[in-house]
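One structure below.
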Number of protein chains: 2
Amino acid sequence: MGRPTIADIARQAGVSKGAVSFALNGRPGVSQATRERILRVAEEMNWRPHSAARALGGSRAGAVGLVIARPARTIGVEPFFSQLLSGLQAVLSARSVALQLMVVEDTEAEIEVYRRWSSEHRVDGLILVDLQVHDPRIAVLEALALPTVVLGGPGRHGSLPSVWADDREAMLSIVDYLAALGHRRIAHLAGLPAFHHTQRRMRALRDAAKRLGLEEAVSVPTDFSDAEGAAATRALLARGRRPTAIVYDSDVMAVAGLGVAAEMGVSVPGELSIVSFDDSVLARIVHPALTALSRDTFALGGQVARVLLAALDDPAGVRDVRTPTPRLTVRESTAPPGLGRASKTV
Amino acid sequence: MGRPTIADIARQAGVSKGAVSFALNGRPGVSQATRERILRVAEEMNWRPHSAARALGGSRAGAVGLVIARPARTIGVEPFFSQLLSGLQAVLSARSVALQLMVVEDTEAEIEVYRRWSSEHRVDGLILVDLQVHDPRIAVLEALALPTVVLGGPGRHGSLPSVWADDREAMLSIVDYLAALGHRRIAHLAGLPAFHHTQRRMRALRDAAKRLGLEEAVSVPTDFSDAEGAAATRALLARGRRPTAIVYDSDVMAVAGLGVAAEMGVSVPGELSIVSFDDSVLARIVHPALTALSRDTFALGGQVARVLLAALDDPAGVRDVRTPTPRLTVRESTAPPGLGRASKTV
DNA sequence: CTGAAAGCGCTTACAG
DNA sequence: CTGAAAGCGCTTACAG
């Protein structure tokens, strides 16, 4: 007889379709006894909601969207995103909400997707990543009135709720550690300067340098690619008085930097300490293993999903959420400066 | 007035809703003149299809699904998948078909997702990856009668159409190259033995070893994790007569193996040649850069999407598609054996 | 607390 | 080639 519908259940249970709908959705409007009977029948018939019908009747699409804008030459979906996705889906699928994922070339294309999804009623809400300093997406999303949670901040996210970790505190923890080891010349291979978190990290480094009286502390912006990471590292290490420590904004760039150090005969950590702002398998498997900032990205994804679900129920009742600051995992790529080639190991 | 519907267009153009639907979907049933008028009106009103309504009225969900089953400890979504996704979406979104992506723990959970999606009418078709030798998913999908394209093969995919590249030929090209360099003892750090392509690679190595009269050619199965890749490499290199070349089934394992070689003071490529079966940023950025099998994974994704779309239109009219065999990109990690520590440097 | 009805925005036979 | 109508499977006011 094909898939059972609520009409079948209603007939079987001897009630109206409306009553079945109320019972199935846990709403008031049916007595406890009939509710249980209806649920039992639905179970017996192995009924499942038809997502399209539900979306048409109600006004929910039953899905939320996530668009990642990355130029093709960068790594694409990095370990960070795969962890985030898992965390998101763990929470969303428990509520039967699907996740629409899309990878596009740039912010313009990203905005187009939001407009299309909105007009096609594809999604009920959105997750916004890679927050920019002057972010054109914010105004668009406010205008579309699509419930959205921003991963990033604090600040620069307009009236949209944000889930954020403190990149400033994180950067300070790195610099404090390096300074404690004795480093006085620290370089920072930053990501895209348009990103909000890039600016916060750069600013934190400047502030820390002043406070600690460092001899040098420079941030070099890049496009996050391994190519620019390698090129910038080469330039830094070719200087007369080169930095004794480099902080990389991504694990991919950090690994590329490690390769350049090997290529130029600069020992790590003997002559150069390396810290990655992102932790992942990459940071662990290279040699020497990289000291890196670790965080529970899976849990972060779950947190974002919960905030978004709350926003769907009550767009006005949602507050910004601060998540734990990433913590430094020390491995083999950091040491006091100037140990020289003696410590080069292996 | 809210979003325009086909009823609005019909009123404005002075025709029936049915006529509008035909015109908008490029079907016969309206004259050329009225078709053009309708399209013009739709354009003026900035009409967009409501995906749920379309799914309910027709019987299409407007989406296809891809489930990736990976235990949490492996890298998750690898570069391979991100490329594949991009290729899939490039073709699918041109036809306004969404992609439902889900990451789960194991095959059992994966099958559950298929059953749920099927009964909820969430997707019109599926893409199946990581084909197994005895794959329980095949029978389930045949029974669900959900149009599905298998990425993998040839063989073992039942009545489902397959898009495949020849892993056997690919392995032979590696072994032939290593043998030509003079290697006589070759090891292969394979992936999960349950995977169809793992078996084909292992068998290809055995056959090549016999044909070439190699002294030793052993395949060691692993779970694809960096941990097992490292452990197995350690065991191989600790032997008396160790292999002079190791072929790794994934880039992550190859990088882990490279780390172990460094740790044990085995120079690459002087004392050990390393080849990765997967190419990616990882293979390029490490030092020495890894010789690897390259393929156009983006194009592969596009190909899979095209076959799936064809299967949606006509499930019976789809044939298996063979894609180009991956080709060896030689970098710095391979050399004739026994050059010894002299060539270590850099 | 419950039932009968209308409606969500499309698609698709079925008559003309 | 075209129009009027029914129907997809739900949800949600609106009466009782």
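In what follows, chains are A, B, ... by sequence order, proteins preceding strands, each numbered from 1.
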Side-chain donor-acceptor contacts of residues 144-164 of chain A below 3.5 Å, not counting sequence neighbours, with atom names and distances?
unit_1, atom_1, unit_2, atom_2, d
A:T148, OG1, A:L146, O, 2.8
A:H157, ND1, A:L160, O, 2.8
A:H157, NE2, A:G155, N, 3.4
A:S159, OG, A:E142, OE2, 2.8
A:S162, OG, A:G152, O, 2.7

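Pairs of residues two or more places apart, or lying in two chains, that qualify as salt bridge (Lys or Arg N to Asp or Glu O under 4.0 Å) and include a residue from residues 11-25 of chain B are B:D8-B:R11. Each side chain to side chain donor-acceptor pair (under 3.5 Å) pair with one or both residues in residues 311-323 of chain A, not counting sequence neighbours, appears once here: A:R60-A:D313.
Proximity of residues 26-43 of chain A to DNA chain D (heavy atom under 4.0 angstrom from any strand atom) is restricted to A:R27.
Residues forming a side chain to side chain contact (heavy atoms under 4.5 Å, CB included) with A:Q89 (at least two apart in sequence, or on another chain): A:L99, B:M102, B:V103. For A:R40, there are no salt bridge (charged side-chain N to carboxylate O under 4.0 Å, His left out) partners two or more places apart in sequence or in a different chain. Annotation: side chain to side chain contact (heavy atoms under 4.5 Å, CB included) contacts of A:A109 (sequence neighbours excluded): A:V104, A:D106. Residues forming a side chain to side chain donor-acceptor pair (under 3.5 Å) with A:S119 (at least two apart in sequence, or on another chain): B:R48. Under the side chain to side chain contact (heavy atoms under 4.5 Å, CB included) criterion, A:D130 pairs with A:R70, A:F81, A:F195, not counting sequence neighbours.
Without hydrogens or angle criteria, A:R115 side chain to A:E110 main chain gives no donor-acceptor distance under 3.5 Å.
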Dot-bracket for DNA chain D, 5' to 3', Watson-Crick and G-U pairs with both distances under 3.5 Å, [ ] for crossing pairs, | for partner on another strand, reads |||.||||||||.|||
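Taking NE2 of B:H121 as the reference point, atom CZ of B:R116 lies at 15.5 Å (rounded to 0.5 Å). To the nearest 0.5 Å, the span separating CG on A:L308 from CG on A:L128 amounts to 11.5 Å.
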Polar-atom pairs under 3.5 Å, protein N or O versus N or O of nucleotides 13-16 of chain C: list them with distances, or write none.
none

Using a cut-off of under 3.5 Å, enumerate the N/O to N/O pairs linking the protein to nucleotides 6-10 of chain D.
unit_1, atom_1, unit_2, atom_2, d
D:dC8, O2, B:L56, O, 3.1
D:dC8, O2, B:G57, N, 3.2
D:dG9, N2, A:A53, O, 3.4
D:dC10, OP1, A:W47, NE1, 2.9
D:dC10, OP2, A:I6, N, 2.9
D:dC10, N4, A:K17, NZ, 2.6

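Under the side chain to side chain contact (heavy atoms under 4.5 Å, CB included) rule, B:V64 has a single partner from B:L312, B:L88, B:L126, which is B:L312.
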